[in-house]
Colleague: 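Please find one structure pasted underneath; my questions will follow.
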Amino acid sequence: MDTEAQHPERDRSSTPDEGAAEEGSRSARFSRLARGGDGRARLSLRTAALIGVACTVFVLLFSHFVVQPFQIPSSSMEPTLRVGDRILVNKLAYGSDSRPARGDIVVFDGRGSFVRAELTENPVSSVVREGLAALGLAEPADTDFVKRVVGTGGDRVVCCDDEGRIEVNGVAVDEGYLHPGDVPSEVAFDIVVPANRLWVMGDHRGNSSDSRDHLGDPGGGMVPVDKVIGRADWIGWPAGRWTSLEPTGAFRHVPPPSGVVGGGHG
């Protein structure tokens, strides 16, 4: 009888030392991957950052030259525009062959007509605000306004006729867009709009500081056409208010002015 001790067969797949080494190797690989050791994670982050920067630059350029969001800061244009609405301002609406027309809702720089021409803003805060405003995330500058064009170059605008309506070039205007309960104006005026200027008013006449309030200021409350930023063509936000701002027919019977014409008419 063979009395030699029998040794159990060892597992040839690994030894304790070999298993520890393999585990260490796996841990090292996972650690390198987590740290982006193979460069793929770093490349992915870099690509995402570049795409983010490119998208931001595109949006800012598009906003500066084509369509700019504009946040409505007051109730002066109710019910057409409400506080907090984001309108989309078409900066390509006007050019050498197209001028602001009666009834258009325009956004304009009020320096020199509605506010002092020398009014300025801190350069740093101005850059930040303009960037946020370009994305529709901040209210516009205190020098930017949104109003409706009532008279263009050469028009005679009078308040009011025997029925309390505003007249443009001798024709009474039925302004169906006015805020319910408002009268066309509680301030009497009789003006002729100079060439290349605009007479503008809010739809909420009882709560709008517009051309009427600046009759005694330099420029007489008239907005230079070259200060118009663009025409409000759409309400883009909130979602429940998405709509295009259709032209009004209130001025369709108004004849051209008899004097010098300095702007478009609608």
Side-chain angles (χ1 to χ4, degrees), residues 65-82 85-110 113-114 140 143-157 159 165-169 171-179 182 184-185 191-205 208-212 214 219 221-236 241 243-257 261-266:
F65 293 105
V66 184
V67 174
Q68 177 181 341
F70 184 93
Q71 184 174 335
I72 301 301
S74 74
S75 62
S76 67
M77 283 297 294
E78 288 183 346
T80 309
L81 304 175
R82 300 175 185 171
D85 281 352
R86 270 72 163 180
I87 58 174
L88 300 179
V89 180
N90 182 359
K91 291 189 169 184
L92 303 180
Y94 306 123
S96 57
D97 58 346
S98 179
R99 314 272 279 180
R102 306 183 200 101
D104 286 358
I105 298 174
V106 296
V107 174
F108 60 92
D109 181 348
S113 57
F114 278 35
T143 56
D144 291 345
F145 299 85
V146 56
K147 301 294 177 188
R148 189 181 296 274
V149 177
V150 175
T152 59
D155 285 341
R156 183 183 180 188
V157 186
C159 179
R165 299 171 298 181
I166 285 177
E167 290 184 345
V168 181
N169 299 333
V171 173
V173 180
D174 291 316
E175 300 179 278
Y177 45 74
L178 293 184
H179 189 281
D182 277 6
S185 180
I191 57 95
V192 175
V193 183
N196 299 310
R197 299 259 174 168
L198 305 172
W199 176 268
V200 297
M201 303 175 75
D203 290 358
H204 192 351
R205 298 287 161 80
S208 174
S209 178
D210 47 44
S211 289
R212 297 169 296 169
H214 299 280
M222 316 289 183
V223 177
V225 171
D226 60 11
K227 289 288 189 178
V228 173
I229 296 170
R231 183 181 65 209
D233 281 351
W234 308 275
I235 299 175
R241 297 263 299 150
T243 186
S244 60
L245 295 169
E246 300 297 332
T248 175
F251 300 89
R252 62 184 177 276
H253 298 305
V254 174
V261 177
H265 305 284

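FYI, side chains are in, hydrogens and waters are out, and symmetry mates aren't considered; it's all heavy atoms of this structure. The structure displayed is predicted, hence computed values, not measured ones.
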Colleague: Are the side chain of D104 and the backbone N or O of V149 linked by a donor-acceptor pair below 3.5 Å?
Modeller: no

Colleague: Measuring only between side-chain heavy atoms, which start at C-beta, is L198 closer than 4.5 Å to K147?
Modeller: no

Colleague: Just by distance, do the side chain of R165 and the backbone of A172 share a donor-acceptor pair under 3.5 Å?
Modeller: no

Colleague: Looking at V168, is its backbone amide N or carbonyl O close enough to the side chain of D155 to form a donor-acceptor pair, meaning the two atoms are under 3.5 Å apart?
Modeller: no

Colleague: Please report the closest heavy-atom contact between S244 and E246, naming both atoms and the distance.
Modeller: OG-OE2, 2.6 Å

Colleague: Drop me the distance from I235's CD1 to L245's CG, to the nearest 0.5 angstrom.
Modeller: 5.0 Å

Colleague: With no hydrogens and no angle check, is any side-chain donor or acceptor of S98 less than 3.5 Å from a backbone partner on A93?
Modeller: yes

Colleague: In terms of ring plane angle, is the pair H179 and H204 parallel, tilted or perpendicular, where the classes change at 30° and 60°?
Modeller: parallel

Colleague: Any chance you could measure R197, atom CZ, to K227, atom NZ, to the nearest 0.5 Å?
Modeller: 10.0 Å

Colleague: Answer whether the closest heavy-atom distance between the side chains of R99 and T152 falls below 4.5 Å.
Modeller: no

Colleague: D203 side chain to L178 main-chain N or O, any donor-acceptor pair under 3.5 Å?
Modeller: no

Colleague: Rounded at 0.5 Å granularity, tell me how far CD1 in I229 sits from CG in D144.
Modeller: 4.0 Å

Colleague: Say whether, by atom type as modelled, one donor and one acceptor occur between the side chain of R212 and the main chain of S209 under 3.5 angstrom.
Modeller: no

Colleague: Are the side chain of R231 and the backbone of A101 linked by a donor-acceptor contact shorter than 3.5 Å?
Modeller: no

Colleague: More than 12 heavy atoms of other residues, nucleotides or ligands under 6.0 Å from CZ of R82: is that the case?
Modeller: no

Colleague: Give the intermediate values and the outcome of side-chain contact (heavy atoms from CB on, under 4.5 Å) for residues D226 and N196.
Modeller: CA-CA 8 Å; D226 60 11; N196 299 310; over 6 Å; no

Colleague: How about M77 and I87: do any of their side-chain heavy atoms sit closer than 4.5 Å?
Modeller: no

Colleague: With a 4.5 Å limit on heavy-atom distance, are the side chains of P73 and Q71 in contact?
Modeller: no

Colleague: Can a donor-acceptor pair be found, under 3.5 Å and without considering hydrogens, that links the side chain of S113 to the backbone of G110?
Modeller: yes

Colleague: Let me confirm one number: the CG-CZ distance from D85 to F70, rounded to the nearest 0.5 Å.
Modeller: 11.5 Å

Colleague: Heavy atoms only: give me the nearest S185-M201 pair and the separation to one decimal.
Modeller: CB-CE, 4.4 Å

Colleague: If you define the side chain from C-beta out and look only at heavy atoms, does anything of D233 sit under 4.5 Å from L88?
Modeller: no

Colleague: Between N169 (side chain) and P255 (backbone), is there a donor-acceptor pair under 3.5 Å?
Modeller: yes

Colleague: Hey, are the side chains of R86 and W234 touching, using non-hydrogen atoms and a 4.5 Å cut-off?
Modeller: no

Colleague: CG/D109 to OG1/T143 distance, rounded to the nearest 0.5 angstrom?
Modeller: 5.0 Å

Colleague: Carefully, step by step, assess I191 and M222 under the rule side-chain contact (heavy atoms from CB on, under 4.5 Å).
Modeller: CA-CA 10 Å; I191 57 95; M222 316 289 183; 3.7 Å; yes

Colleague: Heavy-atom distance under 4.5 Å between the side chains of F145 and V200, does that happen here?
Modeller: no

Colleague: Taking the basic N atoms (NZ, or NE/NH1/NH2) and the acidic carboxylate oxygens, is any pair closer than 4.0 Å for R148 and E175?
Modeller: no

Colleague: Go through the steps to decide whether V106 and Y94 satisfy the test side-chain contact (heavy atoms from CB on, under 4.5 Å), and finish with yes or no.
Modeller: CA-CA 11 Å; V106 296; Y94 306 123; 3.5 Å; yes

Colleague: Pair V150, V173 - check side-chain contact (heavy atoms from CB on, under 4.5 Å), show working.
Modeller: CA-CA 10 Å; V150 175; V173 180; over 6 Å; no

Colleague: Heavy atoms, side chains only, cut-off 4.5 Å: are V171 and F251 in contact?
Modeller: no

